[in-house]
Structures are given as C-alpha cells and as structure tokens.
Amino acid sequence: RRLPVVENGKISGLITSREVIRYFGTGEAFRFLETGNIKDAINKPLRIILENQEIMKHRPVLMLPPKTKISQLVEKMLEEKTGVALIVRKKTLLGIITERDLIKFLHERLI
C-alpha cells in the first residue's frame, strides 16, 4: 500500500495506493492521454503524482535513522499522525516500518 520512491539512491517521496487512486479518480491521468490509450497515463514518471499537490494529500514523509528506539518511533508516528516511517541513513533508504509491522512485532513478543 506504500511505495517509497527512490531516485539515484536517494528518497524523493512516498506514494500510497490513495495517491494512485486519486491520480485516476480526479481525472488527472486522463490529461496525459495522447493516443486515447490508457498506457499514455500509466507510462508517465512517478514525479507526475509526486509533484501534484491535489493528488499528494498526505503529510511529509517521516524519516528516522536506524538507531531510533522503537518507543521513539511510535511517539513520532503518533505525533505526525502517520502509519509509516522510512528508516534512512544519509537519505538512503534502509527500510520501511508500518503500523502493521509494529503490531506484528508486539504480538510476537507477547506470545
């Protein structure tokens, strides 16, 4: 449901399934139809979505270093009202942690 976008090894954004749905649902995708074939719209670079403020409704991407404590991660996610955090070192993506990952982690520790 979430896709970090990496360009030249550096994070340039995060696209969720909501943004992809908005791309088509708002009709934005249809602005790119040149031949009448939907492939015109789906073959455009992701920056078409990333740079469109009408489509990108979520907050800035939460990026944390790998040494961040799990409790700090949870606090930041709650503060930022986000369900995802990218784990980065010098803007290089190391991983992605979602709410589901945290729940699974807690469940495994409690059983």
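Only heavy atoms go into these numbers, but all of them, side chains included; no hydrogens, no water, no symmetry mates.
- By the side chain to side chain donor-acceptor pair (under 3.5 Å) test, Ser71 is found to be paired with no residue, residues two or more places apart in sequence or in another chain being considered.
- Side-chain contact between Leu86 and Leu64: absent, with no pair of heavy atoms (C-beta onward) separated by less than 4.5 Å.
- With Ile97 as the fixed residue, the side chain to side chain contact (heavy atoms under 4.5 Å, CB included) test singles out one of Val74, Ile70, Val84, Leu73: Leu73.
- A search for side chain to side chain contact (heavy atoms under 4.5 Å, CB included) contacts involving Pro65 returns Thr68, not counting sequence neighbours.
- Just one of Ile11, Leu14, Val88 meets the side chain to side chain contact (heavy atoms under 4.5 Å, CB included) condition when paired with Pro4; it is Leu14.
- Lys44 is linked by a side chain to side chain donor-acceptor pair (under 3.5 Å) to Glu34, counting only residues two or more places apart in sequence or in another chain.
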Under 3.5 Å, which donor-acceptor pairs link side chains of residues 99-106 to any protein atom two or more places apart or in another chain?
residue, atom, partner, partner atom, Å
Asp101, OD2, Thr98, N, 2.8
Asp101, OD2, Thr98, OG1, 3.2

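- Arg89 is linked by a side chain to side chain contact (heavy atoms under 4.5 Å, CB included) to Pro66, Leu94, counting only residues two or more places apart in sequence or in another chain.
- The side chain to side chain donor-acceptor pair (under 3.5 Å) check on Glu7 picks up nothing, with sequence neighbours excluded.
- A distance-only check finds no donor-acceptor pair linking the side chain of Glu51 to the backbone of Ile48 [under 3.5 Å].
- Qualifying salt bridge (charged side-chain N to carboxylate O under 4.0 Å, His left out) partners for Glu54, counting only residues two or more places apart in sequence or in other chains: Lys57.
- The 12-atom threshold is not exceeded at CZ of Arg18, counting heavy atoms of other residues, nucleotides or ligands nearer than 6.0 Å.
- Here Val5 pairs with Ser12, Ile15, Leu46, Leu50 under the side chain to side chain contact (heavy atoms under 4.5 Å, CB included) rule; sequence neighbours left out.
- For Ala41, the side chain to side chain contact (heavy atoms under 4.5 Å, CB included) partners at least two apart in sequence or on another chain are Tyr23, Ala29, Leu33, Ile38.
- Distance alone, capped at 3.5 Å, is enough to place a donor-acceptor pair between the Asn52 side chain and the Ile55 backbone.
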